[in-house]
Enquirer: 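Could you have a look at this structure, given as structure tokens, before my questions?
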Amino acid sequence: MSLSATPVLSGPTGSLLDLIGKTPMVEVTKIDTGKCRLFLKLEAQNPGGSIKDRIALSMIDAAEQEGFLKPGGTIVEATAGNTGLALTLVGQAKGYKVLLVIPDKMSKEKIQHLRAMGADVRLTRSDVPHGHPEYYTDMAERLAQQIPGGFYVNQFANDANSAAHFRTTGPEIWEQMDHKVDALVAGIGSGGTITGIARYLKSVGSDAQIILADPVGSTLAGIVNEGVPGPEGSYTVEGIGQNFVPDTADITLIDKAYSIPDAEAIGTVRELLLKEGVLAGSSSGTLIAAALRWCREQTEPKRVVTFVCDTGAKYLSKVYNDAWLAEQGLTDRPLHGDLSDLITRKYENGDVVTAGPGDTLDTAFKRMKSADVSQLPVIQDGRLVGILDESDIVHIMNTDEITRKERFAKPVSSAMTRDLDTVQVAEPLDALIPLFDRDRVAIVLDGEKFVGLITRTDLINHLSLNR
């Protein structure tokens, strides 16, 4: 394959919508791909940050042409985040209001991004099946019917979804790969990507294998490989996987499917950043992990294409957060059979945000806000000497004897609690209950050495993961 080493630059444009598509391709060179060459189409470089920009423009244009969406109307959609971002980008550029229904497992970065763009975001349950009134697609369809001028996009059954990829993504891949594609790996969220591109490749005579990357817990891989739905379960990867076959997805085009566990997907996407410098989202980890599995099974050289569907900047609080991964049970950390198994942020690893007794309350409070915690261990010369929580700071603030500035300038030692309720790391789980009954956080020691803190949430999470 011979591509120009120098990017082709275009002149300025008057709209971000003109920049959708025409995304670059990069080859994976520092990860073991077996006998194959693996290429990533960088869809994160669309103006909205994901591959969904393509379908948003296509579906809104089609709705306008067909008269379903009129000036002053409201775009309504059920989305895992990226389609919502894309619809908001396109909808606002065209003067529409946007209302989005999003499952509550989505990353906070996506939700904050959507709200900052002006979308009306409604969170709904992620633990209910298709057909339940609180399932995100059912809720979105109902809301669209209730809103005057509301248009339910329904990416899961919208022909303009797969058409976008037939018209744009497929031809781009075919051109960038010099008409030599042995396999395409994609997931199914709404089904448009894999369907549209597969149809295009077949239309130009390609015999490329079409490979489905599916999260463990989604039922689609079972349908492809065995003809029956696979075991249904929960998974943390966002944007792909379903417990039903979307109308947009043509399963008959798919040759093989891989079920990828969350841990493998996240490990792959983090390896991609470490070795290739590409910051990708969680679904990209599923796709690339499946592509690597297929590549490593081959006995002859092949050329394989998959996607960086969106940027990993939307998942910094989850996929790239070691503490969050530990809370979800997605790390390989050893279990010791004691209270340390409940501690996701250990002091000896530098994971615990602390304060010193001489730090100001202003400094301590800013650290609390930054780390999103309500208490700080107070450390002096490597030893735990106290704990400071929000109520301690409130008591100092509740006075008119000095100015607010003077109050925040007081040292942590003036407010911290020195009478500490501690437990030894070898004590049983039951030792935590009396502390929680007194509304305390559990301070865990190993002898005199501070190990970390355990909250009620930590205990509940541990019991949930180890049922």
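Start at 1 with the first residue, then count along the sequence. Just the heavy atoms: all of them, side chains too, but no hydrogens, waters or symmetry mates, feed the values below.
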Enquirer: Can you find a pair of side-chain heavy atoms, one from M117 and one from L89, that are under 4.5 Å apart?
Expert: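 Touching, per the 4.5 Å side-chain cut-off.
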Enquirer: Taking NZ, NE, NH1 and NH2 as the nitrogens, is one of them in D310 or K52 under 4.0 Å from a carboxylate oxygen of the other?
Expert: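 No, D310 and K52 are not salt-bridged.
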Enquirer: Is there a donor-acceptor contact under 3.5 Å from the side chain of E134 to the main chain of M139?
Expert: no
Enquirer: Is there a donor in the side chain of T236 and an acceptor in the side chain of D262, or the other way round, less than 3.5 Å apart?
Expert: yes
Enquirer: May I ask you to check whether T286 and S283 show a side-chain donor-acceptor distance below 3.5 Å?
Expert: no
Enquirer: Please report the shortest heavy-atom distance between N225 and A257, naming the atom on each side.
Expert: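 Shortest heavy-atom contact: ND2-O, 2.9 Å.
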Enquirer: Assess, by modelled atom type and distance only, whether the side chains of N161 and Q155 contain a donor and an acceptor separated by less than 3.5 Å.
Expert: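 Per modelled atom types, N161 and Q155 side chains form no pair under 3.5 Å.
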Enquirer: Could you tell me whether a side-chain N or O of R142 sits under 3.5 Å from a main-chain N or O of P133, the two making a donor and an acceptor?
Expert: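 It does hold such a pair.
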Enquirer: Please report the closest heavy-atom contact between A140 and V76, naming both atoms and the distance.
Expert: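 Minimum heavy-atom separation between A140 and V76: O-CG1, 3.5 Å.
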Enquirer: Indicate whether any N or O donor in one side chain lies under 3.5 Å from an N or O acceptor in the other, for S218 and D214.
Expert: yes
Enquirer: Give me the atom names and distance for the closest heavy-atom approach of L123 to P103.
Expert: CD2-O, 4.5 Å
Enquirer: So, for Y152 and A78, which heavy atoms are closest and what is the spacing to 0.1 Å?
Expert: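 It is CE1-N, 4.3 Å.
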Enquirer: Does any N or O in the side chain of T311 come within less than 3.5 Å of the main-chain N or O of A313, such that one atom is a donor and the other an acceptor?
Expert: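 Checked: pair present.
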Enquirer: Before accepting this row, confirm whether a basic side-chain N of the pair R125/D127 lies closer than 4.0 Å to the acidic partner's carboxylate O.
Expert: yes
Enquirer: Supply the atom-to-atom distance L212 CG to I240 CD1, rounded to the nearest 0.5 angstrom.
Expert: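 Between L212 CG and I240 CD1, I get 8.0 Å after rounding to 0.5 Å.
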Enquirer: Are the side chain of K41 and the backbone of T23 linked by a donor-acceptor contact shorter than 3.5 Å?
Expert: yes
Enquirer: May I ask you to decide whether K256 forms a salt bridge with E297, counting only side-chain N to carboxylate O separations under 4.0 Å?
Expert: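 A salt bridge links K256 with E297.
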Enquirer: What is the distance from atom CD1 of I60 to atom CG of L87, rounded to the nearest 0.5 Å?
Expert: 5.0 Å
Enquirer: Considering only heavy atoms from C-beta outward, does the side chain of P377 approach that of L453 to under 4.5 Å?
Expert: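 A side-chain contact exists here, since the closest heavy-atom pair is under 4.5 Å.
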Enquirer: Contact between I454 and I343 at the side-chain level, heavy atoms closer than 4.5 Å - yes or no?
Expert: yes
Enquirer: Under the side chain to side chain contact (heavy atoms under 4.5 Å, CB included) criterion, do F450 and R383 qualify, and how do the steps go?
Expert: CA-CA 7 Å; F450 174 52; R383 293 183 62 253; over 6 Å; no
Enquirer: Taking the inter-plane angle between the rings of F244 and Y135 on a 0 to 90° scale, is it parallel (under 30°), tilted (30 to 60°) or perpendicular (over 60°)?
Expert: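 Because their plane-to-plane angle is over 60°, the rings of F244 and Y135 count as perpendicular.
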Enquirer: Using only atom types and a distance under 3.5 Å, with no angle test, would you say the side chain of T195 pairs donor to acceptor with the backbone of G192?
Expert: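 No, because the side chain of T195 does not come within donor-acceptor range (under 3.5 Å) of the backbone of G192.
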Enquirer: With a 4.5 Å heavy-atom cut-off, do L85 and S50 have their side chains touching?
Expert: no
Enquirer: Between K346 and D351, is the closest basic N to carboxylate O distance under 4.0 Å?
Expert: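 Looking at K346 together with D351, the answer is no, because their closest N to O distance does not fall below 4.0 Å.
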Enquirer: Go through the steps for V216 and Y235 under the test side chain to side chain contact (heavy atoms under 4.5 Å, CB included), then give the verdict.
Expert: CA-CA 7 Å; V216 168; Y235 46 92; over 6 Å; no
Enquirer: More than 12 heavy atoms of other residues, nucleotides or ligands under 6.0 Å from CD of Q146: yes or no?
Expert: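 Enclosed: over 12 neighbouring heavy atoms sit under 6.0 Å from CD of Q146.
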Enquirer: In the structure I gave you, are the side-chain heavy atoms of I55 and T83 within less than 4.5 Å of one another anywhere?
Expert: yes
Enquirer: Any sub-3.5 Å donor-acceptor pair from R37's side-chain atoms to E27's backbone N or O?
Expert: no
Enquirer: Less than 4.0 angstrom from a charged side-chain N to a carboxylate O is my criterion; do D362 and K366 meet it?
Expert: yes
Enquirer: Tell me whether D53 contacts the main-chain N or O of I20 through its side chain, where contact means a donor paired with an acceptor under 3.5 Å.
Expert: no
Enquirer: Work out which heavy atom in A186 is nearest to a heavy atom in F307; give both atom names and the distance.
Expert: CB-CE1, 4.1 Å
Enquirer: Are F156 and D247 side-chain neighbours, meaning at least one heavy-atom pair lies under 4.5 Å?
Expert: no
Enquirer: Can you name the one residue among I260, V269, I31, L40 that meets side-chain contact (heavy atoms from CB on, under 4.5 Å) with I288?
Expert: L40
Enquirer: Enter the distance from M416:CE to D359:CG here, rounded to the nearest 0.5 Å.
Expert: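 One gets 11.0 Å once the value is rounded to the nearest 0.5 Å.
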Enquirer: Are K318 and E238 within salt-bridge range, i.e. N to O under 4.0 Å?
Expert: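 Counted as a salt bridge, because a side-chain N and a carboxylate O are separated by less than 4.0 Å.
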Enquirer: For the backbone of K30 and the side chain of E276, can you confirm whether one donor and one acceptor N or O come within less than 3.5 Å of each other?
Expert: yes
Enquirer: Could you pull out all residues at least two apart from E271 that satisfy salt bridge (Lys or Arg N to Asp or Glu O under 4.0 Å)?
Expert: K275
Enquirer: Provide the closest heavy-atom pair for S414 versus I396 in the form atom of the first, atom of the second, distance.
Expert: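 Looking at all heavy atoms of both residues, the closest pair is O-CD1, 3.9 Å.
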Enquirer: Are any side-chain N or O atoms of D338 and backbone N or O atoms of S340, one a donor and one an acceptor, separated by less than 3.5 Å?
Expert: yes
Enquirer: Pair F39, I173 - check side chain to side chain contact (heavy atoms under 4.5 Å, CB included), show working.
Expert: CA-CA 10 Å; F39 300 88; I173 290 172; over 6 Å; no
Enquirer: Walk me through it: do Q424 and V444 pass the test side chain to side chain contact (heavy atoms under 4.5 Å, CB included)?
Expert: CA-CA 6 Å; Q424 288 294 317; V444 183; over 6 Å; no
Enquirer: Do L17 and V90 touch side chain to side chain, with heavy atoms closer than 4.5 Å?
Expert: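 Result yes, sub-4.5 Å side-chain heavy-atom pair found.
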Enquirer: As a test of understanding, state which of I210, V185, D250, T248 forms a side-chain contact (heavy atoms from CB on, under 4.5 Å) with I194.
Expert: I210
Enquirer: Return yes when atom CG of D372 has more than 12 non-hydrogen atoms of other residues, nucleotides or ligands closer than 6.0 Å, and no otherwise.
Expert: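 It does not: D372 CG has 12 such atoms or fewer within range.
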Enquirer: Is there a salt bridge (charged side-chain N to carboxylate O under 4.0 Å, His left out) between R54 and E43 once you walk through the steps?
Expert: CA-CA 10 Å; R54 296 176 185 267; E43 290 296 299; 2.7 Å; yes
Enquirer: Is there a salt bridge (charged side-chain N to carboxylate O under 4.0 Å, His left out) between R456 and D458 once you walk through the steps?
Expert: CA-CA 5 Å; R456 290 184 181 90; D458 294 327; over 6 Å; no
Enquirer: Is atom CZ of F365 surrounded by more than 12 heavy atoms (other residues, nucleotides or ligands) closer than 6.0 Å?
Expert: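 Counting other residues, nucleotides and ligands, CZ of F365 stays at 12 neighbours or fewer.
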Enquirer: Tell me, please, which residues at least two apart from V245 pass side chain to side chain contact (heavy atoms under 4.5 Å, CB included).
Expert: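 Scan of V245 (side chain to side chain contact (heavy atoms under 4.5 Å, CB included), adjacent residues dropped) gives L220, I223, A249, I251.
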Enquirer: I'd like to check R296 versus K35 (side-chain heavy atoms, cut-off strictly below 4.5 Å). Are they in contact?
Expert: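 With C-beta onward as the side chain, the pair stays apart.
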Enquirer: Check for a donor-acceptor pair, side chain of T79 on one end and backbone N or O of L100 on the other, with a separation under 3.5 Å.
Expert: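 Judged by distance alone, no pair lies under 3.5 Å.
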Enquirer: Out of curiosity, N82 CG to N46 CG, how far, rounded to the nearest 0.5 Å?
Expert: 10.5 Å
Enquirer: Which distance, rounded to the nearest 0.5 Å, do you find between the CG of L361 and the CG of D392?
Expert: 9.0 Å
Enquirer: For the OG1 atom of T360 and the NZ atom of K410, what is their distance to the nearest 0.5 Å?
Expert: 12.0 Å
Enquirer: For atom CZ of R438, decide whether the heavy atoms of other residues, nucleotides or ligands shown that lie under 6.0 angstrom number more than 12.
Expert: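 Enclosed: over 12 neighbouring heavy atoms sit under 6.0 Å from CZ of R438.
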